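These numbers come from a predicted model, not from an experiment.
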Amino acid sequence: MPFTAKDTQCMALALQLSAKARHTVNANPMVGCVIARGGEIIAQDYHREYGKSHAEVKALAHIDGKAKGATLYVTLEPCSHHGKTPPCTDAVIASGATKVIIATLDPNPLVSGRGVQLLELAGIEVEIGLLENEAKALNRGFIKRMQTGLPFVTSKIAMSLDGKTAMASGESKWITSEAARVDVHKLRRDSQAIVTGSGTVLKDNPSLTARLPEVSVTPLRVIIDSNNQITDKNLKVFSDDAQTLVINRDNCDSSVNGKVDLKAALLKLGELGINTVLIEAGPGLNGALQQDGLIDELVIYTAPVLLGSDATSMMQLPITTMGDKVTLKIHDCRQIGVDMKITASFK
C-alpha cells in the first residue's frame, strides 16, 4: 500500500524531532516518533539523551502509553533488546497501536529485523521505507559504525583556488574568510570527535573547539602522534576541560611502517562510541587517510586567492599518471562569504 501525504508529513516531523538530539545522544542514533489516530497527531517526541528513554516510549508517555487504533511513525526500527532501557517493542505492543511505519531498519545486529518481527507477531501491521534516504543520511555515522566498527569520517580542508593549504614556510592563517571559519565551527559542533596530526598541533597550536555561542558540548579532540612528539601539556588542546586523546604507537593496537595504523585508530574511536569524526589535519595525514580509503566525505572551503607553486598542496598523493587521478563526486556546492564550500566524496 503506498504511503499517503499524511504519512509523509508525520514521518518528516519525526525526522525533524530526531535531529534535535544531534549533540546529546552520543553513541546512540537520533530517533523521532510521531503518533497519529484518525488523521490527527496525538503525541510526538524523540530520543533526547544517551541512556535515557527512547523516542517511542517518550511519545507514548504523553498519552499514558495508550495508543489503541493509532499509527506510530518511527525514524528507526524500534529496539527489541535490553540495553540501558527496556525494549521499545514491548511498549509499542502494550500500547494497542495497530500500525507502525518505520523509515529504516536498525543496523545494530542486536536489533536489525528483530523489532519488526516482534511487532508483526503481535499482530501489528508494519511498513518500512518512508523517507528512508533521509533517515539514513541523518544517522550515517551510527549506521557505518554498526556495520563496520568505523565512524563516518569527514575531512575539512581550507585551500586557495590553486589547491594550496599553506605557504612553504607553514604559514596558513588565514586562507579563507571569517564566514567560512564560522561554518567550520558548525562542522566541529556537529562532530563527536575532531582528529588532527601531531605536526599540525606543534605548528599551529590549535584549540580545536567549537567556538559558537550556543555550544555547550565540545567534541573529543584526537591527536595522531606516530613519533610520540606530544609531551607539552601547555598546548591549547590540553588547556581546558574538554577531553583530548593522544593516539601513538604505544597505545594503538597496531602500527604500519613505524606509524600509527590509521584504521586501527579509527576503530578505537568506534569502540568508544564515536559515530562521526572531523579531520582537521595537514596534507600528510589527509593523504594517508585517503590512500587507506578511510575518508567518507570531503568538505573543501576554497578561497578566491592564489598561493603559488611553492605552497603546500591539500593532500600528499603519489600520483604520477593521469590514469591514477582521483575522481570526486560533488554532492553540494555553495558560497560561504567570499569562499566556495564544496561537499564531495570519492567515487
Notebook entry, point to check: Pick from R140, Q147, M146: which one makes a side chain to side chain contact (heavy atoms under 4.5 Å, CB included) with I143?
Noted result: Q147
Next item on the list: Of all the heavy-atom pairs spanning L60 and A67, show the shortest one and how long it is.
Entry: CD2-CB, 3.8 Å
Checklist line | Cluster check M315, L328: I/L/V/M/F/W/Y, side chain < 4.5 angstrom | finding: yes
Check: Does the cation-pi check pass for K233 over F238, that is, NZ or CZ under 6.0 Å from the six-membered ring centre and within 45° of its axis?
Finding: yes
Check: Are R188 and E280 close enough that some pair of their side-chain heavy atoms sits under 4.5 Å apart?
Finding: yes
Notebook entry, point to check: Could you go step by step and tell me if E77 and V116 meet the side chain to side chain contact (heavy atoms under 4.5 Å, CB included) rule?
Noted result: CA-CA 7 Å; E77 177 183 9; V116 170; 3.6 Å; yes
Next item on the list: Can you establish whether the number of heavy atoms outside K186 located under 6.0 Å from its atom NZ is more than 12?
Entry: no
Next item on the list: Would you give the length of the straight line joining atom CG of L266 to atom CG of L289, rounded to the nearest 0.5 angstrom?
Entry: 6.5 Å
Checklist line | Q243 atom CD, neighbour heavy-atom count above 12 within 6.0 Å | finding: no
Item checked: Least distance between heavy atoms, R22 atom then L138 atom -> NH2-CD1, 3.6 Å
Margin query: Is it the case that the side chains of N28 and H54 hold a donor-acceptor pair, with the cut-off being a distance below 3.5 Å and no angle test?
Written below: no
Check: Would you call I194 and V222 a side-chain contact if the rule is heavy atoms closer than 4.5 Å?
Finding: no
Next item on the list: State whether a side-chain donor-acceptor pair under 3.5 Å links S155 with N286.
Entry: yes
Notebook entry, point to check: Can a salt bridge be assigned to the pair D292 and K263 using a cut-off of 4.0 Å between side-chain N and carboxylate O?
Noted result: no
Next item on the list: Tell me, with the steps shown, if K236 and D204 meet salt bridge (charged side-chain N to carboxylate O under 4.0 Å, His left out).
Entry: CA-CA 10 Å; K236 289 181 179 178; D204 298 336; over 6 Å; no
Check: Ion pair present between R189 and D183, side-chain N to carboxylate O less than 4.0 angstrom?
Finding: no
Checklist line | Side-chain heavy-atom pair L285, L262 within 4.5 angstrom cut-off | finding: yes
Check: Which distance, rounded to the nearest 0.5 Å, do you find between the OG of S95 and the CD1 of I35?
Finding: 7.0 Å
Checklist line | P151 to I274 - nearest heavy-atom pair and separation | finding: CB-O, 3.3 Å
Notebook entry, point to check: Of all heavy-atom pairs between P78 and E56, which one has the smallest distance, and what is that distance?
Noted result: CA-OE2, 3.1 Å
Check: Do side-chain atoms of T209 reach the backbone of R211 as a donor and acceptor pair under 3.5 angstrom?
Finding: no
Checklist line | Where M167 and L307 come nearest, the two heavy atoms and their spacing | finding: CE-O, 3.7 Å
Notebook entry, point to check: Judged by modelled atom types alone, do D339 and S177 share a side-chain donor-acceptor pair under 3.5 Å?
Noted result: yes
Next item on the list: Check each of T244, V246, T196 against V237 using the side chain to side chain contact (heavy atoms under 4.5 Å, CB included) test, and report the only one that passes.
Entry: T244
Checklist line | Hydrophobic cluster membership, V25 vs L220, 4.5 Å side-chain cutoff | finding: no
Checklist line | Between S198 and Q229, a side-chain donor and acceptor under 3.5 Å | finding: yes
Item checked: Within-4.5 Å side-chain heavy-atom neighbours: I157 and V299 -> no
Notebook entry, point to check: Using a distance-only test with no angle check, is there a side-chain donor-acceptor pair under 3.5 angstrom linking S345 and H331?
Noted result: yes
Check: Does the distance from a Lys or Arg side-chain N to an Asp or Glu carboxylate O, for K268 and E271, drop under 4.0 Å?
Finding: no
Note to self: Around atom NZ of K66, are there more than 12 heavy atoms from other residues, nucleotides or ligands closer than 6.0 Å?
What the structure shows: no
Next item on the list: Quick one: closest heavy-atom pair of M340 and C333, and the distance?
Entry: CE-SG, 3.4 Å
